[in-house]
Amino acid sequence: RVRLIDESAPGDIQHVVLKLPEGMHYVEGQSLSVIPPGVDAKGKKHKPRLYSIASTRYGDMLDGNTCSLCVRRAEYYDPVTGNVDPSKKGVCSNFLCDASSGTKVSVAGPVGKTMLLPQ
């Protein structure tokens, strides 16, 4: 993953490249479901989150085996203190933004139709 905005800019946006499971293919305009690890406050598995695929059908390596996601880290800033409230952080976006190379990511899909720009 690579940070897409300068360290001095507020927030965090990461370019995350995923190696796809064998046989998974997508086309431009589709989304990928990412299932974050762990359980919620009620002890249930987290629900999938949809992310738009940011790469062409050929992937970042041009072999069709990868896809990229541009992920904005979901953070909540307390209006009184101006500090980030970690209890309200986005479960999936933070997982993806903090993932290191080789981290297993559960995915499903792709979903949606292809999107072609008008001529």
Side-chain angles (χ1 to χ4, degrees):
R1 77 186 153 74
V2 176
R3 185 178 170 94
L4 293 177
I5 59 175
D6 189 71
E7 292 288 336
S8 64
D12 183 15
I13 301 172
Q14 299 276 329
H15 175 243
V16 179
V17 179
L18 301 175
K19 183 174 183 200
L20 296 173
E22 185 83 25
M24 180 182 271
H25 300 285
Y26 63 90
V27 293
E28 294 81 1
Q30 290 188 303
S31 297
L32 196 65
S33 287
V34 177
I35 302 101
V39 295
D40 64 18
K42 296 179 182 177
K44 295 184 178 184
K45 288 186 177 184
H46 291 292
K47 294 185 180 183
R49 274 53 168 202
L50 276 179
Y51 289 90
S52 296
I53 296 171
S55 51
T56 70
R57 67 187 72 196
Y58 306 109
D60 289 65
M61 309 305 163
L62 301 178
D63 60 3
N65 295 322
T66 62
C67 78
S68 60
L69 309 174
C70 292
V71 180
R72 180 186 174 277
R73 184 186 299 271
E75 296 177 315
Y76 172 80
Y77 288 85
D78 183 293
V80 175
T81 66
N83 295 327
V84 174
D85 182 347
S87 70
K88 297 179 181 175
K89 69 180 185 176
V91 172
C92 197
S93 65
N94 278 271
F95 165 67
L96 290 171
C97 287
D98 292 336
S100 55
S101 182
T103 299
K104 297 272 186 195
V105 178
S106 292
V107 297
V111 296
K113 296 182 179 178
T114 187
M115 183 188 94
L116 298 174
L117 295 175
Q119 296 276 337

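Only heavy atoms go into these numbers, but all of them, side chains included; no hydrogens, no water, no symmetry mates. Just so you know, these numbers come straight off a predicted model, no measurement behind them.
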Are any side-chain N or O atoms of His46 and backbone N or O atoms of Val39, one a donor and one an acceptor, separated by less than 3.5 Å? yes
Here the gap from Asp12 atom CG to Glu75 atom CD, rounded to the nearest 0.5 Å, amounts to 7.0 Å
Between the main-chain N or O of Gly112 and the side-chain N or O of Gln30, is there a donor-acceptor pair closer than 3.5 Å? yes
Are Val16 and Met24 in one and the same hydrophobic cluster, where Ile, Leu, Val, Met, Phe, Trp and Tyr link if side-chain heavy atoms are under 4.5 Å apart? yes
On a heavy-atom basis, the closest approach of Ser52 and Leu69 is O-CD2, 3.7 Å
Sequence neighbours excluded, every pair satisfying side-chain hydrogen bond (donor to acceptor under 3.5 Å, both in side chains) that has a member inside residues 78-93: Asp85-Ser87
Are Val17 and Leu32 linked, directly or through other ILVMFWY residues, by side chains that come within less than 4.5 angstrom of each other? no
From SG (Cys67) to OH (Tyr51), nearest 0.5 Å: 12.5 Å
Taking all non-hydrogen atoms of both residues, which atom of Ile53 and which atom of Pro110 are closest, and how far apart? CD1-CB, 4.4 Å
Indicate yes or no: at least one non-hydrogen side-chain atom of Ser55 is less than 4.5 angstrom from one of Thr66. no
If you group Ile, Leu, Val, Met, Phe, Trp and Tyr by side-chain heavy-atom gaps below 4.5 Å, do Leu20 and Leu96 land in one group? yes
If hydrophobic residues (ILVMFWY) are linked whenever their side-chain heavy atoms come closer than 4.5 Å, directly or via other members, who joins Tyr58 in its cluster? Leu62
Check: Val34 and Val71 side chains under 4.5 Å, non-hydrogen atoms: no
For Gly64 against His25, the heavy-atom pair lying closest together: O-ND1, 4.3 Å
Listed partners of Arg49 passing side chain to side chain donor-acceptor pair (under 3.5 Å), at least two apart: none
Identify whether Leu50 and Ile35 are in the same connected component of the hydrophobic contact network (ILVMFWY, side-chain heavy atoms under 4.5 Å). no
Closer than 3.5 angstrom, by distance alone: can the side chain of Asn94 be matched with the main-chain N or O of Arg73 as a donor-acceptor pair? no
